[in-house]
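Okay, so here's the structure we're looking at.
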Amino acid sequence: MVDDLELLHRQVYETYPDGTAMSVNFRPTKKDEGLLSTRQNSMVGAQQAHEEHLGNGWQSVGTWSFMAGATELDVIDDSADADTPTGHASVDFTMLTRGERERAGKRIKAVAVKSHPSD
Amino acid sequence: MPEGEFVHFHFDGGRFEASDGMPLEALGELALYRDLLVDVARQLWKRNHPERQRAPKKFGDELDLRLERVDSGSVQPIVGRREVESTLVGDYFDQSRDLITRTVFQVATKHALPGDFPRSQVPKLSRLGGLLNAGERYQFGHPTDTDRRAQLDVTTAAMLREIAETLTTEQPDTRTRGYIVEMDTDSSTFQIRAVDGRRIGGATYSTEAADEIRGWLVVDESDEALIEVSGTALVDAEGEVLRYSGVVSVREVHIEAVMAIFDALAQASAAADAAGSPIPEDHLRGLNERSELLGSHYPAVGLVAVDDGGIRIEWSSGNLDCSAEIDVDGAVFLHQFDMESSLDAEWEGHVAQAAWGRLDAFLRGESL
């Protein structure tokens, strides 16, 4: 498990026209199999996380960050796994109902702040 | 210069016998008659041009009537028409004058409206004669042909009001789009020029809304704010809104917001197509039809394609973070999260079972 005080970085790809991140960014898609992919700040900075994400060919308008303890869900430290990027951590949505997934994603959105690039 | 008398008026009885000159309050009657002339002429023009949604711009400017003098012998205001350069609207004002005359004559003699008088103008027609006291009357109509004149007295004026009442009904949940063209701070009312050119008055606003209404008041045609008024309205037999008796809300319709929704829908559709999971057309059509409702949350609104042909809408409304997902099979999932209290609520349905209506209510701010 990741410490509650760890800052987690999440790449955001969908925003409102005013630049606000949509909550859809903070919950896993079907291909993620219930695990929301993040990077731990103690091992990777917000800028590096963003640049690496783009470098892998993925879309992102920036990095949003939130404290691991801000979510009610377990945050798994899977940074030691062979096929994950440096400092990877997964927020576990696997046991949630549809409504619970919505709630968890919106809770994270409510506390996440844009950390890179700075406006 | 005036080209000659356009309409004959002859007031007599009561105050009009008392002395020389014309009581000032009678000027209001002349102004009302002039407005009615223009509005009836506009309706006649539209009747002859069914393919056109609106009458030509500045239609009313073509009728430049002047009170040239007041002749003695009871009170006889001489109303001349000043020629204007444009003749866009032909002789519709002559036709309008004669139709109004014939209508008042028929109401006075047969207690009924002629079939060709525009029903939408009956409320305004019924205001004619409002200044008359018992024993007072006026004759009006064609400037030279005495057979094309009618007389209005308190009895005929009362008949006009009775007829108008039978032709109008109060209709709740009525919406009109247009522009605020007049504002009367004394009576807390405003007038709207509807998008089809009709003028709708009597919309009463609350004190709290005054500043916002003032901000939308058209002072420069290049900077008109399109607004939508909703509330209880008096409508005529043809369903045309005559005036609002109770305004529930006035909101600005943001065209750029609607365009942004169209763009977002197109992008979501293209993304879903590229992923090999197209969004069903009837779902896109349903959202397209709600573009203004979605746009009312602009810029705090977003649409994205989600897994397997689904589409997701998110918007913020005060403390509420709201979302709606429409799955490829038509299942609809609505969710709201209160960012202050952390309380949430959800609703599940299907597009085939009134979910669109529930989504509409949710988008309008109704809680789940």
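All values below come from the heavy atoms of this structure, side chains included, with hydrogens, waters and symmetry mates left out. Within every chain, numbering begins at 1; the chains are lettered A, B, ... in the order of the sequence lines, protein sequences first and strands thereafter.
Annotation: side chain of A:E102 is in contact with side chain of B:F333 (closest heavy-atom distance under 4.5 Å). Side-chain contact between B:S323 and A:M22: absent, with no pair of heavy atoms (C-beta onward) separated by less than 4.5 Å. With a 4.5 Å cut-off on side-chain heavy atoms, A:K109 and B:F337 do not count as touching. Taking 4.5 Å as the limit, every side-chain heavy atom of B:H335 sits out of range of all side-chain heavy atoms of A:S23. Two residues are said to be in side-chain contact when any heavy atoms from C-beta on lie closer than 4.5 Å; B:M339 and A:R107 fail this criterion.
The heavy-atom pair separating A:P17 from B:P299 by the smallest distance is CD-O, 3.0 Å. Of all heavy-atom pairs between A:Y16 and B:S316, the closest is OH-OG, 3.3 Å. Closest heavy-atom contact between A:R103 and B:S342: NH1-O, 2.6 Å.
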**Study point:** Trace of the side-chain contact (heavy atoms from CB on, under 4.5 Å) decision for B:E346 with A:R98
**Key:** CA-CA 9 Å; B:E346 62 189 62; A:R98 191 170 188 173; over 6 Å; no

**Study point:** Steps toward salt bridge (Lys or Arg N to Asp or Glu O under 4.0 Å) verdict (A:K106, B:D344)
**Key:** CA-CA 10 Å; A:K106 287 170 184 168; B:D344 66 333; over 6 Å; no

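Heavy-atom neighbours of B:E256 CD from other residues, nucleotides or ligands within 6.0 Å: above the threshold of 12. Heavy-atom neighbours of B:D173 CG from other residues, nucleotides or ligands within 6.0 Å: at or below the threshold of 12. Residue-environment remark: CE (B:M259) stays at or below the threshold of 12 foreign heavy atoms within 6.0 Å. More than 12 heavy-atom neighbours from other residues, nucleotides or ligands sit within 6.0 angstrom of CZ on B:R312.
A salt bridge does not link A:R27 to B:E314: none of the charged side-chain nitrogens sits closer than 4.0 Å to a carboxylate oxygen.
For A:T29, the parts lying near chain B are the backbone and the side chain together; criterion is any non-hydrogen pair under 4.5 Å. For a residue to count as touching a neighbouring chain, one of its non-hydrogen atoms must lie under 4.5 Å from one of that chain's; by this rule B:A300 touches chain A with backbone and side chain alike.
Chain B forms more heavy-atom pairs under 4.5 Å with one residue of A:V111, A:V24, A:T20 than with any other, namely A:V24.
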